[in-house]
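All remarks here apply to the structure that follows.
Labels below follow one simple rule: chain letters A, B, ... track the order of the sequence lines, proteins then strands, and each chain is numbered from 1.
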Number of protein chains: 2
Amino acid sequence: MHQAHPALRQPVTAADRVLQEIQRAIVEGDIAAGSKISEPELARRFDLSRAPLREALARLERCHLIERIPNAGARVVTLSTAGLLALYQLRENLEGLACKLAAEHMTEAEITEVRQLLDQHLSSQRVREGESYYQEAGDLDFHYRVILGSKNSYLINILCDELYYLVRMYRVQLGMNGPRVSRAFDEHKAIINAIANRDGELADLLMRRHIAASRRNIELQLQQMGS
Amino acid sequence: MHQAHPALRQPVTAADRVLQEIQRAIVEGDIAAGSKISEPELARRFDLSRAPLREALARLERCHLIERIPNAGARVVTLSTAGLLALYQLRENLEGLACKLAAEHMTEAEITEVRQLLDQHLSSQRVREGESYYQEAGDLDFHYRVILGSKNSYLINILCDELYYLVRMYRVQLGMNGPRVSRAFDEHKAIINAIANRDGELADLLMRRHIAASRRNIELQLQQMGS
DNA sequence: TAGGTGTATATTGTCGACAATTTCCCGCCA
DNA sequence: TGGCGGGAAATTGTCGACAATATACACCTA
């Protein structure tokens, strides 16, 4: 359907580069959530004209990092409990589906790669005990592989291009990296096992539970922050 | 999360207007599937500059009607069996989820409105027996209402803004309007009943079956076209 | 003082032209 | 004759300036 996925395609145009920079800045909170976006200011800051900047803004809107109102400008999204729950509700279903499809379509070679990846991440995780950055990267990597394994380009596009930046934004800015580390690893292992056994139904179920657990974890943290 | 949904927001800017025109042109086959898109040509044709046109192209890419390659231009998507199946696979799951959520979140008033809508469409359908345009419109209308009833803005965005134009393109260009008319109406009725009973699980199941039936219908037509 | 109105400012949307890249075509060579 | 550069044409990406719209502020009125 298309050859190399945009998510892992390296930037070739100026708009691509500035998009990545702004994406990172928003996700990491460098540009505050809820703040207004000024096109002239950003253009100066990244030293380019407004044309490629606006192209980048269009794509930022696509991945839900900003909201635009015609003739009135753009704002960075505001993070909310309701938004987070809606997002995870969708993730649960979509990644569950991705697992089911991955069980049907992943090659043995791809499965082996994911397993190696898990072992590798686990060992490097033990060394860097507690450093959440590596957990984050490893976690994302696993989910990405499974999603790509579904071989459904629409599904891949939605999850990797449109939803994941926002997921990361919530994780980074609300500090969602609790003590689920080793448990998450076990869950990942169980999921890839189900995929390897070509048991799509089970893989679906396990992934839904995996994400639901993560969601409950977040809900708890939010709740005790609010009180 | 946001007030009025972009799908039903009337165009205010020139880019909005040309977007709608090109969308219609592509969906109806006025601009052939698979054909290359020339920015200068379209700009002349719609009598505006390339800036708003490029804005429109960015959004067309978002709803999968065109595919862009950096520095090399854009092409209208090509319709394929594989693409259609992948699309419907996703639809089944997402609209199933939408039903489940609608059963939880739709107000009684909204449910009543949908029921009135169904009766209305049914009666006008009987009059215009066989005119597929009205079936199409009525069908879309029903699905839209249910999706909006989910109250999940991410889900709404994906289904109404990003996937439905492509769904319509397949329906229009491959002539997907078989003799499922009255059966589809019954299925719609069953779905809204389940939602009214707040039986999300059943509503989910019925919607999946409803779309799966539509998919099988399409597969059959494709198959006998190919032979 | 509160509210509305009108102007001034700032921001977004659009335009036409230039730069960079790709594509196409022609000639050249094995 | 077939494949491989090289250059010309066309197309996309980027720029700076102008037009249209929205926001902010001061002023006037009740």
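Interface residues of residues 30-49 of chain B facing DNA chain C, ordered by number: B:Leu48, B:Ser49; criterion, heavy-atom separation under 4.0 Å.
Extent of DNA chain C lying under 4.0 Å from chain A heavy atoms, first and last nucleotide in 5' to 3' order, is C:dT12 to C:dT14.
The side-chain contact (heavy atoms from CB on, under 4.5 Å) test applied to B:Arg115 returns B:Ile111, B:Ile192, B:Asn193, B:Ala196, not counting sequence neighbours. B:Arg24 pairs by the side-chain hydrogen bond (donor to acceptor under 3.5 Å, both in side chains) definition with nothing, not counting sequence neighbours. When the side-chain contact (heavy atoms from CB on, under 4.5 Å) test is applied to A:Thr112, the partners found at least two apart in sequence or on another chain are A:Gln116. Applying the side-chain hydrogen bond (donor to acceptor under 3.5 Å, both in side chains) test to A:Asn71 and every residue at least two apart in sequence or in another chain returns nothing. Applying the side-chain hydrogen bond (donor to acceptor under 3.5 Å, both in side chains) criterion to A:Glu108, with sequence neighbours excluded, gives A:Arg198. When the side-chain contact (heavy atoms from CB on, under 4.5 Å) test is applied to A:Thr78, no partner is found at least two apart in sequence or on another chain.
In terms of position on DNA chain D, the residue among A:Arg17 and A:Ala72 whose nearest nucleotide sits closer to the 5' end is A:Arg17. Comparing A:Ala14 and A:Asn71, the nucleotide of DNA chain D nearest to each residue sits closer to the 5' end for A:Ala14.
When side chains are defined from C-beta on, B:His188 does not count as touching B:Val114, because their heavy atoms never get closer than 4.5 Å.
When the P atom of D:dT11 is taken as reference, atom CZ of B:Arg68 falls 16 Å away, rounded to whole Å. What separates CZ of B:Arg54 from C1' of D:dT11 is a distance of 10 Å, to the nearest Å.
Across its full length, the helix from C:dT1-D:dA30 to C:dA30-D:dT1 shows an angle of 20° between the axes of its 5 terminal pairs at either end, rounded to 10 degrees.
Sorted by first then second residue, the salt bridge (charged side-chain N to carboxylate O under 4.0 Å, His left out) pairs that include residues 140-150 of chain A, not counting sequence neighbours, are A:Glu113-A:Arg145, A:Asp141-A:Arg145. Under the side chain to side chain donor-acceptor pair (under 3.5 Å) criterion, the residue pairs touching residues 42-53 of chain A are A:Glu39-A:Arg50, with sequence neighbours excluded.
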Only distances under 3.5 Å count here; give the side-chain donor-acceptor pairs of residues 89-106 of chain B to other protein atoms, sequence neighbours excluded, each with its distance to 0.1 Å.
| residue | atom | partner | partner atom | Å |
| --- | --- | --- | --- | --- |
| B:Gln89 | OE1 | A:Asn152 | ND2 | 3.2 |
| B:Arg91 | NE | B:Glu95 | OE2 | 3.1 |
| B:Arg91 | NH1 | B:Tyr88 | OH | 3.3 |
| B:Arg91 | NH2 | B:Glu95 | OE2 | 3.2 |
| B:Arg91 | NH2 | B:Tyr164 | OH | 3.1 |
| B:Glu92 | OE2 | B:Arg215 | NH1 | 2.7 |
| B:Asn93 | OD1 | B:Arg208 | NH1 | 3.1 |
| B:Asn93 | OD1 | B:Arg208 | NH2 | 3.4 |
| B:Asn93 | ND2 | B:Gln89 | O | 3.4 |
| B:Glu95 | OE1 | B:His143 | ND1 | 2.7 |
| B:Glu95 | OE2 | B:Tyr164 | OH | 2.3 |

